[in-house]
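See below for the structure under consideration.
FYI, side chains are in, hydrogens and waters are out, and symmetry mates aren't considered; it's all heavy atoms of this structure. Numbers for residues simply follow the sequence, beginning at 1.
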Amino acid sequence: MNGDRGVPDDADAPAADGPDPHDADTHDPDQLADPVLDGIELRHLRGFLAVAEERSFTHAADRLRTGQPALTRAVRALEAALGVRLLDRTTRRVALTDAGRRLYADLAPLLPRLAAALRSPAGPGTLRLGFTSLLPAAGRTLITEFKAATGAKVRLVRRDTPLAGLETGESDVAVLRGDVPPDAGLRTALLFQEPRVAAVPRAAAPGSLARRRVLDWAELAELPLVVNTVTGTTRPELWPAGRRPRLACTAGNFDEWLEAVAAGHGVGVAPEGVAERHPHPQIRYVRLKNAPPVPVHLALPARDADPLAERFFTLGGRHRS
């Protein structure tokens, strides 16, 4: 019954949103169970379309940014699922069969419509990109390319934690400097290796240290070192045992580290980008030679990663140097 009206629940009820499953104009449910769809994946269709348009597995693989063997397997899987040969292949050419031409004519206009349909339910979305003290220039380049490719927004999330918010779910993907713990539950891709510079206090530097143009990594073993223990990438352990710098003081974030160096507590070591992005009137940045570079990784959760994070991670893999 419907409230106090005494009307049966199903009487004069408004039509539910969406099509009536019993409407004769809707698709027959049996079409969704068509065995021809079993085993066919979107990558098979995209691969076939690319080869059909390029008339070359090599050029199609370059266009899809995949390997030629993987593309060949995808097309063969589609032919096996359909039970028909779509392409004639020789060592010199690739040509469509009659069946291939028919499939291409039907399929070519459908995939763009499918892509549009899949984008429409939730809109472009927003990716949360985590970082610690400094987002490298490569990260900004990736953001520009990612936004152009997906239409998604990117929100930058700075967190003074070793994993830049990935461990708390505050970021979806992150740019991390230094070695990533193997038990962190992350997938990582090395983007590039970043040179280090020495941060020398102008007033309290011993001798003429602040006037030097270049310092050798080994020289720092004789100097007190200021270390950011949370997001920093330089620890005394990077030097050989028995010849390591004395730990002058520690800091819990980048800003504390910067001010500790400026106050003359010791010398700091940082990625090269810090010198350009964080000048300080009391600090002089000096180029280092023979210093181990800082690895810069792109990282995301190993399981249940956000689909936008997966896209960003894949795009980042193409920028490895």
### Message
In this structure, is the centre-to-centre distance between the rings of F254 and H278 below 6.0 Å?
### Response
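Yes; F254 has its ring centre under 6.0 Å from that of H278.
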### Query
Strictly by modelled atom types, are R196 and T234 linked by a side-chain donor-acceptor pair under 3.5 Å?
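Note: R196 and T234 side chains meet the donor-acceptor criterion.
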### Message
Regarding S56 and E54, do their side chains bring together a donor and an acceptor under 3.5 Å, going by distance alone?
### Response
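S56 vs E54: no donor-acceptor pair found between side chains.
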### Message
Show the nearest heavy-atom pair for residues G178 and V294, with the distance to one decimal.
### Response
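The pair with the smallest heavy-atom distance is N-CG1, 3.9 Å.
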### Query
Under the side chain to side chain contact (heavy atoms under 4.5 Å, CB included) criterion, do L103 and L78 qualify, and how do the steps go?
CA-CA 11 Å; L103 179 61; L78 178 60; 4.2 Å; yes
### Query
Rounded to the nearest 0.5 Å, how far apart are CG of L96 and CD of E53?
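Answer rounded to 0.5 Å: 10.0 Å.
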### Query
What distance separates R311 CZ from T150 OG1, expressed to the nearest 0.5 Å?
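If we round to the nearest 0.5 Å, R311:CZ and T150:OG1 are 6.0 Å apart.
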Between [X] and [Y] (side chain of the first, backbone of the second, donor and acceptor by atom type, cut-off under 3.5 Å), is there such a pair?
| X | Y | value |
| --- | --- | --- |
| R235 | E237 | no |
| T97 | R85 | yes |
| W217 | L288 | no |
| S171 | L166 | yes |

Taking NZ, NE, NH1 and NH2 as the nitrogens, is one of them in [X] or [Y] under 4.0 Å from a carboxylate oxygen of the other?
| X | Y | answer |
| --- | --- | --- |
| R177 | E194 | yes |
| E222 | R243 | yes |
| D88 | R55 | no |

### Task
Would you list the pairs meeting salt bridge (charged side-chain N to carboxylate O under 4.0 Å, His left out) in which at least one residue belongs to residues 271-280, sequence neighbours left out?
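The answer is none; no pair qualifies.
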### Message
What verdict does the side chain to side chain contact (heavy atoms under 4.5 Å, CB included) test give for L42 and L114, after you've listed the backbone C-alpha separation in whole Å, the side-chain angles of each residue and the deciding distance to 0.1 Å?
### Response
CA-CA 10 Å; L42 188 58; L114 176 60; 3.8 Å; yes
### Query
Under the side chain to side chain contact (heavy atoms under 4.5 Å, CB included) test, which residues partner L156, sequence neighbours left out?
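Side chain to side chain contact (heavy atoms under 4.5 Å, CB included) check on L156 returns L129, F131, L135, I143, V154.
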